[in-house]
2 protein chains.
Amino acid sequence: MSEDAAKEFRRPPTAQAFVLAELRRAIIAGDFLPGEPLRQNTLAERFGVSRVPVREAFKVLESEGQVVYEPHRGHKVASLSLTDLLEVYRLRQLLEAEAAQAAVRNRSDGVLAAMRASARDVEAASAAGDLLKMTEANRRFHFELLAAAQMPRLERIVQVLWDATEAYRFVYYGAEHNRATVEREHAGIVQAYADGDVGLLVALMDEHREHAVDALRTFLEAPSRP
Amino acid sequence: MSEDAAKEFRRPPTAQAFVLAELRRAIIAGDFLPGEPLRQNTLAERFGVSRVPVREAFKVLESEGQVVYEPHRGHKVASLSLTDLLEVYRLRQLLEAEAAQAAVRNRSDGVLAAMRASARDVEAASAAGDLLKMTEANRRFHFELLAAAQMPRLERIVQVLWDATEAYRFVYYGAEHNRATVEREHAGIVQAYADGDVGLLVALMDEHREHAVDALRTFLEAPSRP
DNA sequence: CATTTGGATAATGTATCCAATATCACCCCG
DNA sequence: CGGGGTGATATTGGATACATTATCCAAATG
């Protein structure tokens with residue numbers, strides 16, 4: 001018998017986990033407009049569950065800042081102002097610099113290989129014009145490094161910050177020359193990590209982030225945006 | 001039908017907010033041992049509510065890292081290892097340095113007065129031997145400065161990190177000479193803020209934190225502790 | 001004797017029902 | 001014509017009932 005197939009017994013995920021994952025995906029994909037109220041009944045029907053798991057998923061998203069909540073008035077999707085975006089990226093700068101140092105301290109070939117593989121996935125998805133896959137691979141790329149830092153709280157915080165702006169990554173990747181920039185910068189980051197050059201690594205990551213912020217700044221400063 | 005818990009039942013707008021606040025207080029006060037399972041039924045009875053608001057409060061605490069969760073196995077109180085404690089304080093160091101700089105940039109007399117008032121409250125509670133009030137006033141003191149930074153996400157992150165170690169603050173304050181150290185250091189921090197000396201302010205805050213870590217390190221390194 | 005298997009028990013997960021609150025259209029009154 | 005109450009309705013909050021899953025122990029099996 002093929003034992004590893006049987007060993008990987010996969011239990012059906014709970015409904016709340018399913019709803020949570022779907023809500024995350026929907027928010028990231030922009031299915032809801034910022035500020036749009038999230039009705040428990042509507043979403044429960046849409047997912048084929050009762051309102052209870054929906055409410056519990058709301059609580060998680062609320063404490064992550066993805067949705068805002070007022071008692072007896074319900075939840076609505078949070079909207080990011082330019083100020084919010086700048087704060088998120090500033091915090092990421094601080095935390096990812098720390099993570100980069102720790103990651104270089106416990107540098108491993110496994111992490112390096114995983115980063116290279118994810119970087120290739122980004123390029124492939126970019127070439128194929130699949131922005132969703134590109135954001136996924138891009139996330140994997142960056143969190144390989146963050147996980148290598150072995151600082152679980154830091155990793156979790158950056159995850160939440162990351163998710164808060166995931167919707168804007170589609171915008172950034174929409175332009176071909178932005179995608180080219182991303183791919184080029186990833187290569188530099190991989191090389192700096194391989195060389196164990198912490199100073200360069202942090203500098204390149206800062207630059208990488210700064211390019212995204214600059215592009216999004218003009219987008220968010222455009223009129224008729226919340 | 002909980003005794004005094006039921007008395008204040010309707011003070012917060014919703015039961016879940018009440019349960020959440022009570023659970024926070026109980027965890028901080030050490031009513032539960034680390035790793036102890038939190039039974040929904042037990043707590044629902046204790047607070048005089050049904051299991052629904054209890055579960056929603058669990059979801060919030062879970063995403064803050066105060067409790068850990070496994071599907072169909074329930075929630076239990078998270079326990080901090082020494083490594084965890086060091087990570088929390090390292091992250092606070094990074095984030096609070098950033099907050100101090102921003103707070104000095106928008107320095108205001110109102111914040112200064114509030115910090116002085118909270119510092120006095122700390123001293124009064126310390127003199128009275130009321131450790132609970134002392135931790136409350138201490139928290140106010142530090143978050144006056146953090147709020148002045150006008151970075152809501154940073155403030156929220158530090159709040160979560162702060163809460164994760166609140167239980168140990170009782171331990172630290174247990175020794176009289178630690179309390180004296182805290183009061184002295186608060187005075188220095190206030191002065192540095194009043195002078196607008198960012199470098200000194202950050203240095204003093206680092207030192208303040210480091211003293212707590214040193215004291216707790218020996219406590220956590222003692223055998224027979226998780 | 002170690003292992004496992006079956007079921008009893010207790011806990012969690014979900015659905016449904018009821019209560020409390022906000023929203024809003026409408027009417028009354030100034 | 002405008003402002004403020006007032007009830008109908010929709011939505012959220014909470015309680016209860018039911019379903020699913022884990023845990024534990026005892027008996028059967030080798």
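Per chain, numbering begins at 1; letters A, B, ... match sequence-line order. The structure presented is a predicted model; accordingly, all values stated were derived computationally and were not measured. Just the heavy atoms: all of them, side chains too, but no hydrogens, waters or symmetry mates, feed the values below.
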Between [X] ([atom1]) and [N] ([atom2]), how many Å, whole number?
X	N	atom1	atom2	answer
B:Glu56	D:dA15	CD	P	11 Å
B:His75	D:dT21	NE2	P	18 Å
A:Phe47	C:dA15	CZ	P	13 Å
B:Gln16	D:dA15	CD	P	11 Å
B:Phe18	D:dG14	CZ	P	12 Å
A:Arg51	D:dT16	CZ	C1'	14 Å
B:Glu70	C:dA11	CD	P	17 Å
A:His72	D:dT9	NE2	P	22 Å

Under a 4.0 Å N-O cut-off, is there an ion pair linking B:Glu45 with B:Arg39?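 Not counted as a salt bridge, because no side-chain N and carboxylate O are separated by less than 4.0 Å.
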
Would you tell me if any nitrogen or oxygen in the side chain of A:Arg73 comes within less than 4.0 Å of OP1 or OP2 on C:dT23?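 Answer yes for this pair, as a side-chain N or O of A:Arg73 is under 4.0 Å from OP1 or OP2.
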
So, OP1 or OP2 of D:dT11: does either fall under 4.0 Å of a side-chain N or O from A:Tyr69?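 No, because none of the side-chain N or O atoms of A:Tyr69 sits under 4.0 Å from OP1 or OP2 of D:dT11.
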
Classify [X] by what it touches in the nucleic acid, base, sugar-phosphate, or nothing, heavy-atom distance under 4.0 Å.
X	answer
B:Phe58	nothing
A:Arg55	base
A:Arg39	sugar-phosphate

Taking A:Ser118 for the side chain and A:Ala114 for the main chain, is one N or O donor matched with an acceptor at less than 3.5 Å?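 Looks like yes, one N/O pair under 3.5 Å.
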
Under 3.5 Å: donor-acceptor pair, side chain of A:Asn178, backbone of A:Tyr172: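 Yes; judged by distance alone, with no hydrogens or angles, the pair exists.
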
Pick the closest DNA chain C nucleotide for A:Ser50 and for B:Gln40 by heavy atoms, then say which residue is nearer the 5' end.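 The residue whose closest nucleotide sits nearer the 5' end is B:Gln40.
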
Classify the ring geometry between A:His142 and A:Trp162 as parallel (under 30°), tilted (30 to 60°) or perpendicular (over 60°).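 Ring orientation, 0 to 90° scale: tilted.
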
Would B:Asn138 and B:Thr135 count as having a side-chain donor-acceptor pair, cut-off 3.5 Å?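 No - no donor-acceptor pair under 3.5 Å links their side chains.
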
Taking the minimum atom-to-atom distance to the side chain of B:Asn41, which one of D:dG13, D:dG14, C:dT12 wins?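 Out of D:dG13, D:dG14, C:dT12, the nucleotide with an atom closest to B:Asn41's side chain is C:dT12.
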
